[in-house]
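All figures in this text were calculated on a predicted structure; none of them were measured in a lab. Values below: all heavy atoms of this structure, side chains included; hydrogens, waters and symmetry mates excluded. Here is how names work: the chains are called A, B, and so on, in the same order as the sequence lines, proteins then strands, and each is numbered from 1.
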Amino acid sequence: MTTAEPTLQATGRVARRQQLSRSSRYLLLGATSFGIGVLVVLAWDVLQRGLPALDWEFLNSYPSRFADRAGLRSSILGSAWMVLFTVVLAIPLAVGTAIWMEEFAPRGRLLALVQLNIANLAGVPSIIYGILGLAVFVRFFDMGFTIGAGALTLTLMILPMTVIASSEAIRQVPSSTRDASLALGATRWQTVWHHVLPGALPGIMTGMILAVSRAAGETAALIMIGAASFIAFDNTGLPHDVWGQQFTTVPIQVYNWTQRPQEEFRALAAAAIIVMMVAIVGLNLIAVLIRERFRRYD
Amino acid sequence: MTQPPEGLAAQLRKKPFARPGEKLIVGALGLCAAISVLTTVAIVITLFSETLSFFDEVSLRDFFLKTDWAPQLQGTFGVWELVAGTVNVVIWSMLISLPLGLAAAIYLSEYAHPRTRKALKPLLEALAGVPTIVYAFFALTFVTEDFLRPALGEDRVPYLNSLSASIVLAIMVLPTIASVSEDAMSNVPRALREAAYGLGATRLEVATRVVLPAAISGVLASVLLAVARVVGETMIVAIAAGSNPALTLNPLATIQTMTGYMLQIGLGDAARGTVDYSSIFAVGALLFSMTFILNVGAQLVVRRFREVYE
């Protein structure tokens, strides 16, 4: 007796549903890649505009009304000092807060309040930090439009995300480490300083570097606290002196040049973006390397 | 067996053992934590006090009921034009990024091979790390000049328009929507999916009719977070959308958002005590309240509507 083999091939409505599901895969993949595609277009556009303008003279000149004479020298110095001060201020503040929250704070209302507060601060727009810095540091403490005011403002701005990252890192340290240390007679602080912190260090550093790269690219907050756009001198000297100097940064120069309609300034803006992105991507790569290098497999 | 001397045992039981000076250290750490609380207090006080002095000069009715914002030209302070500018970019950027973000989340969570997922996720995250000034440059030079104006006609698309800012804003918040939604989707237990597959559903049907509804609280939270980011964003809108307050939701119009206005005054020379200076803080207070409500809303949504599985 010959009977047709039963087939698993669906028919009618079921076949249509399956076909729809199969083709939707490519639509969804396309949507996912759209954002990445835009990033690629952005990178290509910036490189194409900016690479021709990128040379040593560009890096070494001050801003100018004339496009062929304008450069990034003062902004690179300003950015570098700004990042340096911010890191020096933010690391102890953030790590200290995180240690207090994770190791020493009494569990209860106070801790919950502080945690909630940090979570909310993380969502505050950067321009609000800018006007906070303007009202408190520039005006109230009379610091004026200086690197110091900017560094304090940026420190506050990156504080929430660094505290959250550091808390995460500290929490990842296994409690057996702490227990062993305490059992051997160490005090709580000794445990933290000699065992918990070293264990949490890779995570803390990663979080800090990511936050710093955010500060390095920040524009709005620094504009609000008065970063100038035409600085024709170097920010050099002892840190104590630089703290009180006026300044500009690379993102602010990008903003300045983007506002000019002439093509040559657009090219300069693109070149400045390349410089900025090289620094930021470099920082992020260092973060990833640190995280991988110091990852403890315990 | 010898017993420890009476006094010592009692002492050890009483206090946790600590070296002198450690109390100071813990105090210093607490001070660090106090600074974060102080920051919020400072923000609230600063915004509040300057807003009060703003309303010394401008009546509440003018601020909230008038619709014309031209402080430097005419001295009018109807805030709705700025709010409309912000809402304008929010609407158009969400219209673009919500479908794309959801599609990405669905693809990564339901369709993608684990290796593809590992490769695509960091790339998507990279979008979130691009400094906004770079996006702003891109919006003005490429999106407006090389894309929108040639595509839609130079007479219809002004140099400064809300659409190019919205497009770029959509790209900027794409990772927020995709990430948070995808996290919510991966938390949906496999059993639900398997049951649906067992009943003959296709992958698309499982994704859209089982997983997505189950993860809807996470998706809603991601939208609120994305809106909060767009509302607070300054550089993209200041550079690409314009400094011309207008009461319109037209994407091809030149507008000004709340953040754009604050930046404009910040660039100028508003002296302390002038109404222009305090207007920064009044608008800032409104901005702060909006983002605060959105962020708190996102947290509440996750807590309230989270489906509880067993």
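Only the side chain of B:Leu47 has a heavy atom closer than 4.5 Å to any heavy atom of chain A. Heavy-atom distances place the side chain of B:Gln299, and not its backbone, under 4.5 Å from chain A. Interface remark: A:Ile252 contributes no atoms to any contact with chain B (heavy atom separation under 4.5 Å). For a residue to count as touching a neighbouring chain, one of its non-hydrogen atoms must lie under 4.5 Å from one of that chain's; by this rule A:Arg214 does not touch chain B. With a threshold of 4.5 angstrom between heavy atoms, B:Ala136 does not approach chain A through any atom at all. Heavy atoms of B:Thr141 lying under 4.5 Å from chain A belong to its backbone as well as its side chain. If you measure heavy-atom distances from B:Ile43 to chain A, the contacts under 4.5 Å come from both the backbone and the side chain.
Most heavy-atom pairs under 4.5 Å with chain B, from the set A:Arg49, A:Met101, A:Glu103: that is A:Arg49. Options B:Pro99, B:Gly232, B:Pro131 differ in how many heavy-atom pairs under 4.5 Å they form with chain A, and the most are formed by B:Pro131. When each of B:Thr46, B:Leu174, B:Leu127, B:Thr116 is checked for heavy-atom pairs under 4.5 Å with chain A, B:Leu127 comes out on top.
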Discussion item. Working note: A:Leu20 + A:Ser24, criterion side chain to side chain contact (heavy atoms under 4.5 Å, CB included); need CA distance, chi angles, decisive distance, verdict.
Written reply: CA-CA 6 Å; A:Leu20 186 64; A:Ser24 67; 5.5 Å; no

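Between the side chain of B:Arg203 and the main chain of B:Glu110, a donor-acceptor pair closer than 3.5 Å is present.
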Validation: residues 128-137 of chain A side-chain donor-acceptor distances under 3.5 Å, sequence neighbours left out:
{"residue": "A:Tyr129", "atom": "OH", "partner": "A:Leu121", "partner atom": "O", "Å": "2.9"}

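Residues meeting the side chain to side chain contact (heavy atoms under 4.5 Å, CB included) test with A:Thr191, sequence neighbours left out: A:Arg178, A:Ser181, A:Leu182, A:Ala186, A:Val196.
When the shell of 6.0 Å around CZ of B:Phe292 is examined, it contains 12 or fewer heavy atoms from other residues, nucleotides or ligands.
Between the OG1 atom in B:Thr234 and the CG atom in B:Leu263 there is a gap of 6.5 Å [rounded to 0.5 Å].
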